[in-house]
Each structure stands twice: as C-alpha cells, then as structure tokens.
Engineer: 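Submitted below is the structure of interest, expressed as structure tokens.
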Amino acid sequence: MTEAPGNVRLIGGEMLLWSDADAATDWRGAGLELVRRLVPPGGRVLVAGPHPRGLIGAVSGAASSVAVLVRSYPDACALGERHPALDVHCGRLRALTGVEPYDLVLALDGLERTHSAEEQAPPWRASLQALAALVAPGGRLVLAVPNDLGVDRFVDARPPDREGADGHWEPHGFDPSHPGGPEALDAALEAAGLVAERCYAAYPSRRAPRALFGRELLREDLPEALTVPLTAPGGDTMLVADPLRLTRLAFRHGLGEHLAPLWLTVATRPLSAAVPDAVTTDHAGEPDLTTHHAGEPGLTAHHAGEPHAVAAEEGPDGAGAEESAHEPGAGVAAAEEWPYEAAAEAEGAPSQDAGEAAVVDRAPRDLLPQGLVEVGRAVHEVTATSTRRLPGGTERPIPRGRIVEEVLVEACAREDVRAVRDLLAALAAWVADGGDAPADNLVWDGERFTAITPVPAPGSPAPAPVVLCRILWRFAVRLLAAGHHHPWPWPLDAGQLALTLCGMAGQTCDQDDLDRARKLEAELGQPVGPAELAGAAPTYRDLLSARDRVTEQLTAALARIARLETKLSFRERELVRTRAKLRRSQRKATALRRTLGYRLSRRLSRPRRAARKVLRLLAR
C-alpha cells in the first residue's frame with residue numbers, strides 16, 4: 001500500500017484494493033450546470049461517493065472549502081495528489097464523524113457506493129439519515145436515486161438483481177427502504193429533516209444522464225422534438241426493445257417522472273431545524289446526532305447571515321423567481337430550425353473543461369432551472385415551450401408536431417395509401433427547397449417540417465432526388481427491420497420499397513439514384529435500423545419481429561409448395577393413365593399384326609409396291 005497524501009484521512013471501512021473511478025455516474029454538462037448553480041460562494045461542500053473528475057474540479061474551483069468522501073483507498077490517494085486543497089475522507093459514510101455540517105452535500109452517484117464491502121449493506125434510509133445529518137441549516141443536499149422501474153430497466157434484458165459487474169456484490173432491488181417513486185422520495189427526505197426543493201427526472205440512463213426535467217415541466221405536454229433524443233444508449237447492454245419508442249411513449253402518457261432511469265433531488269434543511277454538532281456512531285452502528293440550533297457557533301458565516309434566497313422564497317416546489325425568469329413570451333411562432341442547432345457546430349462551442357470555466361462566470365447562481373438538456377458540448381436550459389443555450393443564449397421556441405416516421409408507420413398500418421402519398425409529396429417539396437433530415441429526425445406539424453437535430457453536411461452537395469431517395473430508403477429499411485405492416489407486397493426489399501415510395505412522392509428515381517443514396521447515407525454515417533440505434537446487436541423484439549416475418553414467408557412458401565405438390569401429383573396420375581392407355585394400344589396393335597387378314601394384306605401389297613418402284617425407275 002502506498003503512502004497516503006497528507007490531506008487524506010482514513011476513517012474506517014476503506015477498501016484498499018478497490019477503485020470506483022470507472023464506475024461513477026457519468027455526469028457532464030447538465031449535471032455540472034446544476035451543481036454550479038448550487039455551490040455557495042465561500043461555503044463548505046461535501047462530495048460523497050465517486051464522481052467524475054470534471055465535476056470535482058468544478059466544485060473545488062468554485063467553493064472555498066471542499067471535502068470528498070470515497071471508500072476506495074487508491075481513489076482517495078489519487079484525489080489527494082490531484083487536489084491538494086481537498087479534504088479527502090476515505091471509508092464508509094457512517095464512519096464520517098467529528099466534522100461540522102456542510103452548506104452543500106453532493107451525492108450524484110447515489111448511496112450504493114458509500115458503504116464498504118466489508119460490512120453488510122445498510123438500508124437506504126439509514127444511509128440517507130447519515131448523509132442528511134451532514135447538511136447544515138439552510139444547506140442543500142443533492143442526491144441521485146436510481147429508479148428500479150425506469151425505462152432503462154424495461155429495455156435491459158439482464159436481470160436487475162445481478163448486473164454482472166464486479167462492484168455489484170449486493171443484489172439490487174431488494175431493499176424495501178429504497179424509494180419506489182418521487183412521492184416516497186419526498187417522504188424519506190422529510191423524515192430525514194429535509195424539504196424537497198425540486199426533483200428532476202434524469203434521462204436517458206442512470207449511468208450517463210444528459211437531461212434533467214423538473215416535476216412541473218413534466219406535467220406539461222412536452223413536444224416530441226424535445227423527448228425523442230432522450231433514448232437510452234445501448235453500448236454492450238442486451239436490450240429487449242428499441243428504447244426510442246418506449247421513452248417517447250413514457251412522456252406521451254405522462255409517466256416521464258415515474259419511469260425516469262434516475263431521480264435527482266435537491267433538498268434543503270430549514271433554517272429552524274436542528275443539526276448535529278458532531279456526528280457520532282452508537283454501538284449499534286446507527287448515527288447518533290448531537291444537535292444544536294441555527295445561530296450557535298457551529299454554523300458557517302454563509303448560513304448564519306445569508307440564507308439561500310431560493311430556500312426562503314421559492315417554497316418546496318421551487319417555483320417563485322424561476323417562473324418569472326424563464327417563462328417564455330406568449331405568441332411566439334414555431335422556429336424554422338431546431339433550437340439545439342445553435343450548439344457546438346454553429347457557434348463554436350468550447351471543450352468540456354473550457355466550457356465549465358465559461359459557464360461558471362456568466363449564468364446566474366442559486367436559481368434552479370426547470371430543465372437542462374445536454375446536446376453535444378452545449379447545455380440548454382429548457383421550459384415547456386422554449387430552449388436557451390447556456391451561457392448567454394436567447395430563448396428559441398421548440399417546434400411542435402409529430403415525428404414523420406411515426407406518422408408514416410401509422411398510415412402504413414392502416415393501409416392509408418392516400419395519406420402516405422400526401423405526406424410524401426409534402427416531404428418531396430421540402431427536400432426540393434433544400435431540406436434534408438431522415439424521417440426519424442423530422443417533425444411535421446401539418447404545415448412545415450422541422451429537423452430535430454442537425455444533419456451533417458455531405459462532402460459534395462447531392463441533388464434533391466438523391467436526398468429524397470436516401471430519406472425514403474432509410475425509412476424503408478427501418479420499416480422492414482421493425483416488422484411493421486405496410487400495404488405493399490411482402491417480397492419487396494428495402495430498395496424496391498424506397499423506389500416505390502419515391503414514385504408515390506412524385507419523384508422518379510432509378511437504381512442509380514438508389515445507389516447514390518446508399519453511398520450518401522454511408523458518407524453521413526447515420527445509423528439506419530432500430531437495432532443500430534439501440535446498440536451493436538438487434539434487440540429481442542427485433543429478433544421476434546424478424547422471426548415472425550420469416551415465419552410468414554415460410555408459411556407462404558410452404559403453401560406454394562403444397563399447391564405445386566398437388567399439381568405434380570395430379571400430373572403424375574395423368575401420366576400414369578396415359579402410359580397405361582399407350583400400353584393397351586401397343587398390345588392391340590401387336591395382336592392385330594398376328595391376324596391372318598393382316599398378314600395376307602401385307603403380302604398382297606408387296607407386288608404393288610414393287611410395280612411403283614419400277615415405274616419410278618422408268619420415269620427417270
């Protein structure tokens with residue numbers, strides 16, 4: 001074991017040969033922006049559990065005093081060497097005693113990695129009580145809680161109780177104290193002496209959250225242009241279904257909060273609440289809190305004289321000043337382009353480290369947003385109707401409408417060829433005007449098309465027929481790969497179906513255009529099928545759809561074989577009867593040749609044949 005740096009303190013329960021550095025939740029732009037707004041200037045901050053390097057660096061650069069609690073000894077030594085100003089505590093959460101309460105406690109990785117493998121895992125509520133005891137009056141706790149019934153659980157084919165990684169030595173999902181919903185989480189925080197200020201639903205996954213939606217934002221009818229990009233990443237995950245459709249349905253049915261992969265709650269301890277002077281542990285292993293009240297010497301100057309404005313004015317729902325600051329103007333027309341397109345490529349967004357420093361200086365502090373969405377390297381603050389790129393961006397309305405691919409799939413399922421033709425004709429006109437976006441990345445509001453995310457420009461401009469053929473070929477591939485019903489004959493492949501759709505759109509395309517469209521799709525590098533969107537391997541439902549499709553084709557082939565066998569059997573019987581009739585005729589002819597009359601007629605006919613030959617010779 002290497003010697004620990006001077007700022008590393010071993011508190012008990014440390015894991016000497018273990019590292020959580022690669023297992024921490026991958027918080028980036030959205031999480032960093034929220035934490036930046038919550039870090040109190042001149043306050044004391046505790047980061048409990050493993051966190052990404054960028055987040056710890058951003059917190060240590062904004063707060064005057066930062067402490068980190070990790071259970072891994074190698075991680076603690078690495079943090080101590082990288083950040084000499086940090087107070088690094090190495091061990092389990094309940095062993096952290098003799099410290100003053102903190103103005104801000106961050107546990108964005110949850111509570112699962114705050115206890116040691118050398119002890120029995122404490123109940124979730126016990127860990128929450130121990131963590132809440134470290135929050136000072138007026139201070140905040142930011143806690144991430146994984147959802148056992150999230151969308152990622154529905155699409156993941158592996159059993160959730162044993163995820164297969166080295167760190168999952170405790171079965172997941174068997175803790176009865178773990179909250180089963182946002183209301184249960186609020187009740188647990190209240191029992192711990194905290195008031196839930198705002199609860200965010202994190203998407204697309206609990207391992208790599210990229211979007212945060214507040215509770216009041218999820219009550220709105222969010223446009224599909226905002227919810228479609230929130231799909232769970234595949235990676236090496238074995239998937240049951242395409243997460244794109246499930247996530248979209250979750251938001252459409254108002255279950256975005258209950259089916260979120262992760263909840264991120266911001267809770268505040270009231271100023272009048274009692275707090276521990278020093279956290280100690282009784283003989284039973286549960287925290288024993290010796291309390292004192294606000295105004296006593298244990299409080300920091302930040303909380304004694306400058307309470308948080310949001311905690312005092314907004315109330316438990318986090319409304320108040322934020323509503324007036326982010327309420328979009330009425331009567332704003334739909335934008336011609338998706339607001340996210342003003343991200344990294346258009347405005348030259350900086351790298352992640354430079355972006356963190358720029359964000360720290362410009363956006364307002366202590367103001368909780370309704371929602372944050374990370375697209376590329378840019379972070380956008382969102383409301384129910386608009387987005388604003390941070391920092392310093394202007395509000396842009398979110399386009400309303402439905403996904404073109406979904407509209408086409410529904411029309412194909414109804415065999416409404418007329419609706420398909422009308423929509424494709426409008427799409428062809430939009431492409432002729434310079435538009436380019438695949439059907440699964442396009443919104444249609446009945447009058448205009450709007451791309452959700454920007455499409456990379458090809459190396460050389462392509463003519464409109466090739467662009468339209470590429471869009472429809474991609475749709476045909478996805479339509480057939482997902483096993484959806486369509487009104488055209490089943491033997492059509494994706495290329496033939498794409499040419500048929502081009503003809504319905506009023507654009508004549510040939511095989512050369514289709515080949516150029518495929519090359520253009522390969523040049524753009526866009527994923528084609530639902531399986532490629534979900535991961536490297538097809539999902540189980542895709543395999544079932546393929547099996548059903550093959551079963552239908554095999555049934556049709558077997559029926560055709562049966563008809564051919566019936567026809568062949570009939571022809572064989574006819575051949576047998578014809579052969580029997582021929583044999584009977586041959587026997588009759590043989591019997592006729594043996595008769596006396598036949599032999600006499602043959603002998604009498606010989607002189608006449610000889611006379612004919614003599615006459616032919618004389619005629620020459």
Engineer: As an exercise, state the distance from OG1 of Thr268 to CZ of Arg198, rounded to the nearest 0.5 Å.
Structural biologist: 11.5 Å
Engineer: Would you say His51's side chain and Gly49's backbone share a donor-acceptor pair under 3.5 angstrom?
Structural biologist: yes
Engineer: So which heavy atom on Pro270 is nearest to which on Gly193, and how close?
Structural biologist: CD-O, 3.6 Å
Engineer: Taking the side chain as every heavy atom from C-beta outward, state whether Val68 and His89 have any atom pair closer than 4.5 Å.
Structural biologist: no
Engineer: Say whether, by atom type as modelled, one donor and one acceptor occur between the side chain of Ser177 and the main chain of Trp124 under 3.5 angstrom.
Structural biologist: yes
Engineer: Restricting to side-chain hydrogen bond (donor to acceptor under 3.5 Å, both in side chains), what partner residues turn up for Glu257, sequence neighbours left out?
Structural biologist: Arg215
Engineer: Quick check: does any side chain N or O of Ser386 sit under 3.5 Å from a backbone N or O of Glu395, one acting as donor and the other as acceptor?
Structural biologist: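 Checked: no pair found.
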Engineer: Dump the intermediate steps for side chain to side chain contact (heavy atoms under 4.5 Å, CB included) on Asn147 and Trp263, then the final yes or no.
Structural biologist: CA-CA 7 Å; Asn147 184 9; Trp263 296 308; 3.3 Å; yes
Engineer: Just how far is it from atom CG of Leu222 to atom CZ of Phe213, taken to the nearest 0.5 Å?
Structural biologist: 6.5 Å
Engineer: Given 3.5 Å as the limit, does a donor-acceptor pair link the side chain of Arg94 with the main chain of Thr114, or not?
Structural biologist: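 No.
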Engineer: With a 4.5 Å heavy-atom cut-off, do Asp20 and Asp75 have their side chains touching?
Structural biologist: yes
Engineer: What distance separates Arg82 CZ from Cys77 SG, expressed to the nearest 0.5 Å?
Structural biologist: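 Arg82 CZ to Cys77 SG: 11.5 Å, rounded to 0.5 Å.
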Engineer: Look at the side chain of Ser19 and the backbone N and O of Ala21, then say whether any donor-acceptor pair between them is shorter than 3.5 Å.
Structural biologist: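 Looks like yes, one N/O pair under 3.5 Å.
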Engineer: Begin from the C-alpha positions of Leu93 and Leu131 and carry the test side chain to side chain contact (heavy atoms under 4.5 Å, CB included) through to its verdict.
Structural biologist: CA-CA 7 Å; Leu93 172 61; Leu131 191 63; 4.0 Å; yes
Engineer: Give the minimum heavy-atom separation between Ala62 and Val39, together with the two atoms involved.
Structural biologist: CB-CG1, 3.9 Å
Engineer: Specify the closest pair of heavy atoms between Ala76 and Cys90, including all atoms of both residues, with the distance to one decimal.
Structural biologist: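 It is CB-CB, 3.8 Å.
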Engineer: Could you tell me whether the side chain of Leu189 reaches within less than 4.5 Å of the side chain of Leu128, counting heavy atoms only?
Structural biologist: yes
Engineer: Taking atom CZ of Arg53 as the centre, report whether more than 12 heavy atoms of other residues, nucleotides or ligands fall under 6.0 Å from it.
Structural biologist: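 Not buried by this count: 12 neighbours or fewer within 6.0 Å.
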Engineer: So, are Arg71 and Glu14 salt-bridged, with charged N and O less than 4.0 Å apart?
Structural biologist: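 Result for this pair is no, no salt bridge flagged.
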Engineer: Output yes when Arg388 and Glu381 qualify as a salt bridge under the 4.0 Å nitrogen-oxygen rule, no when they do not.
Structural biologist: yes
Engineer: Minimum heavy-atom separation for Leu264 and Trp27, please, with both atom names.
Structural biologist: CD2-CH2, 3.9 Å
Engineer: CG of Leu141 to CG of Leu134: how many Å apart, nearest 0.5 Å?
Structural biologist: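 So the CG of Leu141 and the CG of Leu134 are separated by 9.5 Å.
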Engineer: Between Leu38 and Val266, does the side chain to side chain contact (heavy atoms under 4.5 Å, CB included) criterion hold? Intermediate values first, please.
Structural biologist: CA-CA 9 Å; Leu38 294 173; Val266 180; 4.2 Å; yes
Engineer: Could you work out, with side-chain contact (heavy atoms from CB on, under 4.5 Å) as the rule, every residue matching His258, not counting sequence neighbours?
Structural biologist: Pro182, Glu183
Engineer: Are Glu197 and Leu368 side-chain neighbours, meaning at least one heavy-atom pair lies under 4.5 Å?
Structural biologist: yes
Engineer: Thinking salt bridges, do Arg36 and Glu33 make one under a 4.0 Å N-O criterion?
Structural biologist: yes
Engineer: Are side-chain heavy atoms of Pro369 and Arg37 found at a separation under 4.5 Å?
Structural biologist: yes
Engineer: Determine yes or no for a side-chain-to-main-chain donor-acceptor pair under 3.5 angstrom, with Tyr73 supplying the side chain and Gly91 the backbone.
Structural biologist: no
Engineer: Between the side chain of Arg210 and the main-chain N/O of Ala30, is any donor-acceptor distance below 3.5 Å?
Structural biologist: no
Engineer: Does the distance from a Lys or Arg side-chain N to an Asp or Glu carboxylate O, for Arg207 and Asp26, drop under 4.0 Å?
Structural biologist: no
Engineer: Has Arg113 got a side-chain atom pairing as donor or acceptor with Ala23's backbone, closer than 3.5 angstrom?
Structural biologist: yes
Engineer: Do the side chain of Ser64 and the main chain of Gly42 share a donor and acceptor less than 3.5 angstrom apart?
Structural biologist: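 Checked: pair present.
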Engineer: Side-chain contact, heavy-atom cut-off 4.5 Å: Tyr203 with Leu212?
Structural biologist: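 No, every pair of side-chain atoms sits at 4.5 Å or beyond.
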Engineer: As a test of understanding, state which of Val47, Thr25, Val35 forms a side-chain contact (heavy atoms from CB on, under 4.5 Å) with Leu108.
Structural biologist: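 Testing Leu108 for a side-chain contact (heavy atoms from CB on, under 4.5 Å) against Val47, Thr25, Val35 leaves exactly one candidate, Val35.
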Engineer: Could you tell me whether the side chain of Pro146 reaches within less than 4.5 Å of the side chain of His178, counting heavy atoms only?
Structural biologist: yes
Engineer: What closest approach, in Å, do Ala196 and Asp186 show between heavy atoms, and which atom pair accounts for it?
Structural biologist: CB-OD1, 3.5 Å
Engineer: Any chance you could measure Leu79, atom CG, to Ile56, atom CD1, to the nearest 0.5 Å?
Structural biologist: 4.5 Å
Engineer: Say you draw a straight line from CG of Leu46 to CG of Asp87; how long is it, rounded to the nearest 0.5 Å?
Structural biologist: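 One gets 10.0 Å once the value is rounded to the nearest 0.5 Å.
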Engineer: From the options Leu218, Leu185, Leu143, select the one residue that forms a side-chain contact (heavy atoms from CB on, under 4.5 Å) with Cys199.
Structural biologist: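 The residue from Leu218, Leu185, Leu143 that satisfies side-chain contact (heavy atoms from CB on, under 4.5 Å) with Cys199 turns out to be Leu185.
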Engineer: I'd like to know whether Val145 forms a side chain to side chain contact (heavy atoms under 4.5 Å, CB included) with Leu111, so could you lay out the CA-CA distance, the side-chain angles of the two residues, the decisive distance to 0.1 Å, and finally the verdict.
Structural biologist: CA-CA 8 Å; Val145 181; Leu111 300 176; over 6 Å; no
Engineer: For residues Leu372 and Val382, determine if any side-chain heavy atom of one lies less than 4.5 Å from a side-chain heavy atom of the other.
Structural biologist: no
Engineer: Can you tell me if Ser60 uses its side chain to pair, donor with acceptor, with the backbone of Gly57 under 3.5 Å?
Structural biologist: yes
Engineer: Can you confirm whether the side chains of Thr383 and Gln370 place a donor and an acceptor under 3.5 Å from each other?
Structural biologist: no
Engineer: Between Ala136 and Arg269, which heavy-atom pair has the shortest distance, and what is it?
Structural biologist: O-CB, 3.6 Å
